[in-house]
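Each chain gets a letter, A, B and so on, in the order the sequences are listed, and its residues count up from 1. Atom set for the values below is all heavy atoms of this structure, side chains included, hydrogens, waters and symmetry mates excluded.
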Amino acid sequence: MSLAGLRRARLPTAFFQDDHATVARGLLGCALVHGDRAGLIVETEAYLGPADRASHARFGPTARNRVMFGPGGVAYVYLCYGVHEMFNVVSGRDGDAGAVLIRAIAPLYGLTDDPAIGRGPGKVTRALGLDRSLTGRALDGDELFVAATADAGAVAIANGPRVGVAYAGRWAARLLRFAVAGHPAVSRPAPRGRAPGKAR
DNA sequence: GCGGGGATTAACT
DNA sequence: GTTAATCCCCGCG
């Protein structure tokens, strides 16, 4: 599919205003497009509301995370370790805080054809040129959007615990990480679990 | 204000 | 396996 074709296949805002883990699974096999660059989403993690001790929402609404508490369908981008930008899709209905971290993409357009180019959340933002200034931006715009592809809904899903959240107690064990099973652009170690059904 | 630490990555030994 | 890079968020006083 061409970039113009992807633009015509943009997901409506309503897609994002669903259960956070459902959105995380549904994004697998979709395209994330920024300007003339695009990647196929192959790995995601769901972060829930204030009760989730691994989520930025655990602090309640703050200057940084407030968009997580609004309606789904906008970007939430923050700086991690002072070095890497992390791109998230806000999910859920207004007042139901949560977001989905895009952990890995495979190159589609405007990127070097190398599965490592978008393997890992810091590399996703570097490859697509995403940064904090996009926080709050709607995800159905002309410059930044998510689109369904032929892969959406047709991929086998692996699941597992989220990466880098050992501090979160029992929440660290929740199976809220999802990936396209066996895809070479998934960050290592790849999740081993088998989630029921397919994406979307 | 101050201090601790992080949803990571690449470059070391 | 270990560690530096590097910033700003957040809780507490």
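- Rounded to whole Å, the C1' atom of dG1(C) lies 22 Å from the corresponding atom of dA7(B).
- Judged by distance alone, with hydrogens and angles left aside, the side-chain atoms of S187(A) form no donor-acceptor pair with the main-chain N or O of R119(A) at under 3.5 Å.
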Which nucleotides of nucleotides 2-13 of chain B have their base under 4.0 Å from a protein heavy atom (B), which only their sugar-phosphate (S), and which neither (-), written as one string 5' to 3'?
-> ----BBBSS---
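- Contact record, H84(A) with G122(A): CB-CA, 4.1 Å, taken as the closest heavy-atom pair.
- Within the shown strands, dA5(C) is the pairing partner of dT8(B) under the Watson-Crick or G-U definition, both distances less than 3.5 Å.
- Of the possible donor and acceptor atoms, one in the side chain of R10(A) sits under 3.5 Å from a partner among the backbone N and O of R7(A).
- Reading DNA chain C from its 5' end, the first and the last nucleotide to sit under 4.0 Å from a heavy atom of chain A are dA5(C) to dG11(C).
- Here R53(A) lies out of heavy-atom contact (under 4.0 Å) with every strand.
- For the side chain to side chain contact (heavy atoms under 4.5 Å, CB included) criterion with C30(A), the lone passing option out of V42(A), T44(A), V146(A) is V146(A).
- No donor-acceptor distance shorter than 3.5 angstrom exists from the side chain of Q17(A) to the backbone of R93(A), with no hydrogens or angles considered.
- Of the listed residues (R132(A), R137(A), H56(A)), just one forms a side-chain hydrogen bond (donor to acceptor under 3.5 Å, both in side chains) with Y76(A), and that residue is H56(A).
- No donor-acceptor pair under 3.5 Å is formed between the side chain of N159(A) and the backbone N or O of L175(A).
- Within the 3.5 Å criterion, the main-chain N or O of A57(A) finds a donor-acceptor partner in the side chain of S55(A).
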